[in-house]
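A short worksheet on the structure shown next.
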Amino acid sequence: RLRKWQERIRTKDAGERNLQFALSEIDRMASALGVPRSVREVASVIYRRALNEDLIRGRSIEGVATSALYAACRQEGIPRSLDEVAEVSRVPQKEIGRTYRYISQELGLELKPVDPKQFVPRFASALGLSEEVQAKATEIIDVSAEQGLLSGKSPTGFAAAAIYAASLLCNEKKTQREVADVAQVTEVTIRNRYQEQIEAMGFR
Amino acid sequence: MSGPADSIEIQNVVASTGIGQELDLEALADDLPGADFNPDNFPGLVYRTQDPKAAALIFRSGKIVCTGAKSIDDVHEALGIIFDKLRGLSIPVDEAPEITVQNIVSSADLGHNLNLNALAIGLGLEDVEYEPEQFPGLVYRMDEPKVVILLFGSGKIVITGGKRTDDAETAVEEIVKRIDNLGLLD
DNA sequence: GCTTTAAAAAGTAAACT
DNA sequence: AGTTTACTTTATAAAGC
């Protein structure tokens, strides 16, 4: 009986230590990503829910913690791409994506697809672009999405192309390379999306 | 009446069977020209047929998995060729081993572009997986027939997980109904 | 969970010319 | 900048780690 008590305390301690580790990792990654405290709190709630629903079995603590943070960013409307999240995590991007899809399904998060517009302020300010360019990029995204060009396309690539196009239109030109670097997509992707978008805008 | 159901093409059929006889895969790898056997990687021996084109995974237990065939008839033909090859090596093979179709992958064209964002919300986020950052297709799990449908912006779709030839047809009719009811079939 | 096999869809990416 | 090759997703069996 004494052993059972000790075992329970031991596992309780281990579980407590694991939870503390996960929460400190969420904090570390959130700081590195520069997301507000509210997002860390949402991520912590998601992680605790995953823990209570026994979703961590067979998965790494770090993977679930990273996915919870990725989900929290989306839920709070300030998404980070899987690439960006993977950069501050020690879990490979592929596993983060898989784990995210799993916990999202199991917890019924029902997060809507990421809106490319949500990347515009962050990417544009990283490039030192004006409010005018941001507004133009947002307009390009709205118009081309309405014409059905968004289906299946990556939100970051779509946003990057719109920012590139807007920078040209507003005479604040950034090169495809510069935009590609902040959005972490290739110049080829920007070129492809850009061509479709300017056509949708009735330019060219 | 021509509709999306008429555009269905079977792309891959997976089936399993067994010859009712244990096999020495090391010896078989030497006797079967073109056989790939790397027990360190995978316990099955890989053997490909040219006509019909298919790939078979042959296991020590005598169980066989056939993939890559374009029809159920092709599965039977390809496995027939393999059974005869084994018999030619004086390996006793059951007269007519039972062949079970495990999965059929089909493609089809709905003939309209699809707004996947609207579709994700309309079909119900709980039954949908749409992560364009990871994959351009929307994944929809249907209960009856129990299949998984991948939908693309072009209106092209993939139906997988079905075991019967008509599962794809039923699924296409059903998904067209659901999309049409949402007013998302332009 | 993973390993291997096949096939389609469309996007993204890297390595070449 | 264009082409080729390859990887992402879905399902499914097989034997073994």
Side-chain angles (χ1 to χ4, degrees), chain A residues 57-60 63 81-83 93-95 97-99 101-102 150-158 160 176 180 183-193 195-196, chain B residues 7-18 23 25 36-49 52-71 74-75 78 99-110 114 116 129-142 146-163 167-168:
Chain A
R57 191 168 295 178
R59 260 158 281 270
S60 70
S81 67
L82 283 175
D83 269 296
Q93 192 199 314
K94 189 171 165 180
E95 188 189 327
R98 280 190 183 171
T99 306
R101 280 183 269 138
Y102 177 71
L150 180 56
S151 287
K153 267 64 165 232
S154 106
T156 45
F158 209 79
Q176 294 180 357
Q184 294 191 253
V185 296
T186 62
E187 293 166 274
V188 178
T189 296
I190 291 187
R191 237 173 269 137
N192 292 336
R193 295 307 134 246
Q195 291 296 340
E196 299 169 353
Chain B
S7 70
I8 296 173
E9 284 181 43
I10 294 181
Q11 301 291 352
N12 182 21
V13 178
V14 179
S16 59
T17 187
L23 292 166
L25 298 184
D36 288 339
F37 183 46
N38 300 89
D40 292 344
N41 285 351
F42 189 69
L45 178 153
V46 182
Y47 183 73
R48 286 162 232 270
T49 58
K53 192 180 167 221
L57 304 176
I58 305 174
F59 297 89
R60 188 178 32 82
S61 63
K63 292 189 175 176
I64 300 174
V65 172
C66 178
T67 70
K70 289 285 183 193
S71 70
D74 282 358
V75 167
I99 295 172
T100 309
V101 173
Q102 301 288 357
N103 183 29
I104 298 177
V105 182
S106 299
S107 61
D109 189 349
L110 300 187
L114 298 171
L116 299 184
E129 208 171 85
Y130 175 49
E131 294 293 331
E133 192 184 343
Q134 302 182 56
F135 184 69
L138 183 155
V139 181
Y140 184 61
R141 284 160 212 281
M142 189 174 273
K146 193 178 172 299
V147 296
V148 172
I149 305 176
L150 308 181
L151 302 119
F152 297 85
S154 63
K156 301 272 186 68
I157 70 172
V158 171
I159 306 96
T160 186
K163 287 184 159 49
D167 281 344

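- Going from the C1' atom of dG2(D) to that of dA8(C) covers 25 Å, rounded to whole Å.
- By the side chain to side chain contact (heavy atoms under 4.5 Å, CB included) test, S81(A) is found to be paired with D83(A), E84(A), T156(A), E133(B), residues two or more places apart in sequence or in another chain being considered.
- Within the nucleic acid shown, S154(B) comes within 4.0 Å of sugar-phosphate atoms alone, with no base atom in reach, counting heavy atoms only.
- Residues passing the salt bridge (charged side-chain N to carboxylate O under 4.0 Å, His left out) test with E95(A), sequence neighbours excluded: none.
- Put simply, OH on Y47(B) is 15 Å from P on dA6(C), counting in whole angstrom units.
- Distance, I8(B) CD1 to dA8(C) P: 17 Å, rounded to whole Å.
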*Dot-bracket for DNA chain D, 5' to 3', counting Watson-Crick or G-U wobble pairs under 3.5 Å, with [ ] for crossing pairs and | for inter-strand pairs?*
||||||||.|.||||||

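- Distance E196(A) CD to dA10(C) P: 13 Å, rounded to the nearest Å.
- By the side chain to side chain contact (heavy atoms under 4.5 Å, CB included) test, T17(B) pairs with I64(B), L79(B), F83(B), P97(B), I99(B), sequence neighbours left out.
- Minimum heavy-atom separation, D74(B) to S71(B): N-OG, 3.0 Å.
- Y47(B) has its side chain out of reach of F37(B): every pair of non-hydrogen atoms, C-beta onward, lies at least 4.5 Å apart.
- Summarising the geometry, the separation between CZ on F152(B) and C1' on dA8(C) is reported as 8 Å, rounded to the nearest angstrom.
- At whole-Å resolution of the value, CG in N38(B) and P in dC2(C) are 21 Å apart.
- Partners of T49(B) under the side-chain hydrogen bond (donor to acceptor under 3.5 Å, both in side chains) rule, at least two apart in sequence or in another chain, do not exist in this structure.
- For Q195(A), there are no side-chain hydrogen bond (donor to acceptor under 3.5 Å, both in side chains) partners at least two apart in sequence or on another chain.
- The residue R57(A) sits apart from the nucleic acid: no heavy atom pair falls under 4.0 Å.
- For the pair K70(B) and R98(A), nearest-nucleotide mapping onto DNA chain C gives the more 5' position to R98(A).
- Sequence neighbours left out, not one pair with a member in residues 58-71 of chain B passes salt bridge (Lys or Arg N to Asp or Glu O under 4.0 Å).
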*Could you write nucleotides 11-17 of chain C as a row of B, S and -, 5' to 3', where a protein heavy atom under 4.0 Å of any base atom gives B, of only sugar-phosphate atoms gives S, and otherwise -?*
SSSS---

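- Salt-bridge formation is detected for the pair E129(B)/R101(A): a Lys NZ or Arg NE/NH1/NH2 atom is positioned less than 4.0 Å from an Asp or Glu carboxylate oxygen.
- Comparing dA1(D) with dA9(C), their P atoms sit 28 Å apart, to the nearest whole Å.
- In this structure, K53(B) has no side chain to side chain contact (heavy atoms under 4.5 Å, CB included) partners at least two apart in sequence or on a different chain.
- Every side chain to side chain contact (heavy atoms under 4.5 Å, CB included) that V148(B) has, sequence neighbours left out, goes to V139(B), R141(B), L150(B), T160(B).
- An OP1 or OP2 oxygen of dG2(D) is reached within less than 4.0 angstrom by no side-chain nitrogen or oxygen of R191(A).
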*asked:* One character per nucleotide, please: for nucleotides 11-17 of chain D, 5' to 3', B when the base has a protein heavy atom closer than 4.0 Å, S when only the sugar-phosphate does, - otherwise.
replied: BBBBBS-

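- Going from atom CD of E9(B) over to atom C1' of dA9(C) covers 12 Å, rounded to whole Å.
- One can place CG of L82(A) at 11 Å from P of dT9(D), the figure rounded to the nearest angstrom.
- As rounded to the nearest Å, dC2(C) and dT8(D) have P atoms that lie 12 Å from one another.
- The distance between atom CG of L150(B) and atom C1' of dA9(C), rounded to the nearest whole Å, is 7 Å.
- Residue pairs meeting the salt bridge (Lys or Arg N to Asp or Glu O under 4.0 Å) criterion with at least one member in residues 183-192 of chain A, sequence neighbours excluded: R177(A)-E187(A).
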